[in-house]
Amino acid sequence: MKYSKLFGRTSKTEGSDLKVTSHRLLTQAGYIRESVAGRYFLLPLGLKVHQKISEIVKKHMDTAGAQEMVSPVLHPMELWRETNRDNAAGYELMQIADRRGAEFALGGTGEEMFVDVVRKFNISYRDLPFNIYQFGNKYRDELRARGGLLRVREFVMKDAYSFSTEQQFEAEYQNMMDTYTRIFKEIGLSTSIAEADGGYIGGDYCHEFIVDADVGESVYFTDGGEYIAHEDVAVFDKSHSDEVHTELADLTIVDADRGTTMDDGLKLHAPAPMTRHIKNVVYINERQEIVLACIRGDLDVNETKLQKAADCHHLTPLAEEQIAEWMGSKAGFISAVGVRETTNGHKLAIVADNSLEGLVNGISGANQDKKDYININMARDFTPDIVADIALARAGYTSTDGKELQERVGIEVGNIFQLGYHYTDLMDGATYTDEDGTQKNLYMGCYGIGIGRTMAAIAEVYSDDNGLVWPLAVAPYQVYIASLGDDSAVLELTESVYSDLTSAGYEVLHDDRDVRPGEKFADADLLGIPVRIVVSGRSIEAGGVEIKLRPDKDSQIVPSANLEKTLKKELKRHI
RNA sequence: CGGGGCGUGGCGCAGUUGGCUAGCGCGCGCGGUUUGGGACCGCGAGGUCGGAGGUUCAAGUCCUCUCGCCCCGACCA
């Protein structure tokens, strides 16, 4: 390929609002171009990288026994109604109607469609297990797109769905976990596999594959050993070394001339440690029920865990006026003690963190201004509807294995979900005929990789001050040749090197532009192609062509007869 | 949806106490001199100043509405 004919050129002036490295470099180097917010053109170079990634994904999926297919982009709305996701996913779900008024969802994920196609067949236990997948455009009406390809409103995802018996599932899940590990390894990405929350996808457990990067949105914790978990689900040891009362004292209301923060309470009731305070946070869920979360003062509420415990999928903090009006309480002085009687038409659920179970003689507000309760004891003084782990992990806490948790941030490039019977329960006829002739629900898993986001993650990890540095496996071209000057010896040698390398199976980009050397070198760095070859009068005089790996500083002169051998050797050193 | 910033040739920007044919750098085209880390000279093309309405003798500049973009938050596979 001649660079002079390649559509999409590099640009020297960077967009000042392109703050994410991968976004800026991919744009500047001519790999992508924004259409409107969150929707991108993949230019010829960008598409080549995208395709390389897809091919690697496909190769490993096929090896794992999965089968590629294609589903329609428009999903009949009634399928999403069957699973109640027309509302649950309502914030993101794109909808469209045809001229007859038939409604469709522009799929953001494909569980319904894949269950639907499976149930059109009479599946027998003999068919199980199987895994079918697609590379499909996904549409998500994100509240805010950000970071170039990191969070977009339409993108290509490889989404796979396994159908099996419950007994077979563990092997299916493990198979995909191993496959993903191989995929990202081949691509050149090192990933952490974190336990995570499934969100509106459903199911009981899932894992995210996360590439460490500051610009990522996935916060997770690791104890340096076995334990790796997303912030949403991370658990930790809640024990502490503060002195604990052993004798239950009488519940008492005291004057509390203090501000409304936990620290104000701590000061007022000194020397009682924060671990004796009780923090109360009030939310309202999508069913207009009030959820009162109670947790030990030194901990914070994890809203994802709280949602699960309270069996809801949306929580909004309750405003001060409503705390007063609906609960007869006072922001900053809320207590679970006695609060139930004062609610006003709204159901109220008290969800207590399990950290309160060992708390003796706790301290919190007393549901009125400037009054606190002391000596609160759960069970005696109030009865939670639910006791669960609703605490947010923090760096510095210890894991249940006793090791210190570290906080990390990264880009979620893939995920695997156990779906179980979630969809097959909701959708009629998603069954197989078992050996004994009875119909049984299929057991499912689903597995996604965002191709564009993976591309951005690579760009994020592999780049330097001068531009991109593609790993060999995904580079749009393996070799970049710059011919300097229009001397006929240079042009002839370039031609022969180009055709030799091309017939040897390399993808070669020849920078044939009539521009000065500096510009070619700068662009070569920006483009990030693994090997740079320079053919010039100087290199010919020195005995051949010049070769250099993108990350290297120095080049070497190689006689053109030895070029292929040297190239092969050099490429082994590359990422 | 809340907070902040911003829309002026392809890109980056200047121009706002209203006032002349709306500028600059990069890029693009032509000619020339150059040629190993983004050269230089000359000429040239390219803009209904995001859109609509209004005020005014006069609007890129003031007013109203509106569309869109970026960052932070809420939300999220």
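Quick note on labels: first sequence line is chain A, next is B, and so on, each numbered from 1. What's counted below: heavy atoms across the whole structure, side chains too, no hydrogens, waters or symmetry copies.
Using atom P as the reference point in both B/G38 and B/C26, the two lie 15 Å apart (nearest Å). If you take atom C1' in B/G27 and the same atom in B/A39, they sit 15 Å apart, rounded to whole Å.
Aromatic ring orientation, A/His23 versus A/Tyr40: perpendicular (interplanar angle above 60°, classes split at 30° and 60°). Using the six-membered ring where Trp is involved, A/Tyr443 and A/Tyr421 have ring planes that are perpendicular, over 60° apart on the 30 and 60° scheme. Ring pair A/Tyr498/A/His510 is tilted by interplanar angle, where 30° to 60° counts as tilted.
Counting only heavy atoms from C-beta on, A/Glu142 has its side chain closest to B/C76 among B/C69, B/G37, B/C76. Here the side chain of A/Arg151 is nearest to one of B/G38, B/C76, B/U35, namely B/C76. In the set B/C72, B/G38, B/C70, the nucleotide with an atom closest to the side chain of A/Ala522 is B/G38.
Distance, A/Arg39 CZ to B/G68 C1': 13 Å, rounded to whole Å. Distance CG (A/Asp552) to P (B/G37): 19 Å, rounded to an integer number of Å. What separates CZ of A/Arg153 from P of B/C76 is a distance of 16 Å, to the nearest Å. Rounded to whole Å, atom C1' of B/C11 lies 15 Å from atom CZ of A/Arg24. If you take CG of A/Asp486 and P of B/U34, they are 13 Å apart, rounded to a whole angstrom. Spacing between atom CG of A/Asp232 and atom C1' of B/C75 amounts to 12 Å, rounded to whole angstrom units. Rounded to an integer number of Å, the gap from A/Leu484 CG to B/G38 C1' is 14 Å. Following rounding to the nearest Å, A/Leu526 (CG) and B/G38 (C1') show an atom-to-atom distance of 11 Å.
Using a 4.0 Å heavy-atom cutoff across all strands shown, A/Glu217 reaches no nucleic acid atom at all. Within the 4.0 angstrom heavy-atom criterion, base atoms lie near A/Asp523. Nucleic acid contact class of A/Ser539 (heavy atoms, under 4.0 Å, all strands): base. A/Glu208 comes within contact range of no nucleotide atom at all, as no heavy-atom separation falls under 4.0 Å.
The side chain of A/Arg516 contributes an N or O atom lying less than 4.0 Å from OP1 or OP2 of B/A39. At the phosphate of B/C71, OP1 or OP2 sits under 4.0 Å from a side-chain N or O atom of A/Arg144.
When ring centroids are compared, A/Tyr173 and A/Tyr205 come within the 6.0 Å threshold. Ring to ring, A/Phe155 and A/His50 are not that close: their centroids are 6.0 angstrom or more apart.
Side-chain N/O atoms of A/Arg532 and base N/O atoms of B/G37 include a donor-acceptor pair closer than 3.5 Å.
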A/Lys158 and A/Glu68: salt bridge (charged side-chain N to carboxylate O under 4.0 Å, His left out), yes or no, with the steps?
CA-CA 10 Å; A/Lys158 184 284 301 173; A/Glu68 187 179 357; over 6 Å; no
Output, in order, the C-alpha distance, side-chain angles, deciding distance and verdict of salt bridge (charged side-chain N to carboxylate O under 4.0 Å, His left out) for A/Arg153 and A/Glu142.
CA-CA 6 Å; A/Arg153 297 201 168 93; A/Glu142 296 286 350; over 6 Å; no
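Toward the 5' end of RNA chain B, the nearer of the two residues A/Phe155 and A/Ser555, judged by each one's closest nucleotide, is A/Ser555.
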Any N/O pairs under 3.5 Å between the protein and nucleotides 5-10 of chain B? List them or say none.
none

Detail all sub-3.5 Å separations between protein N/O atoms and N/O atoms belonging to nucleotides 27-33 of chain B.
none

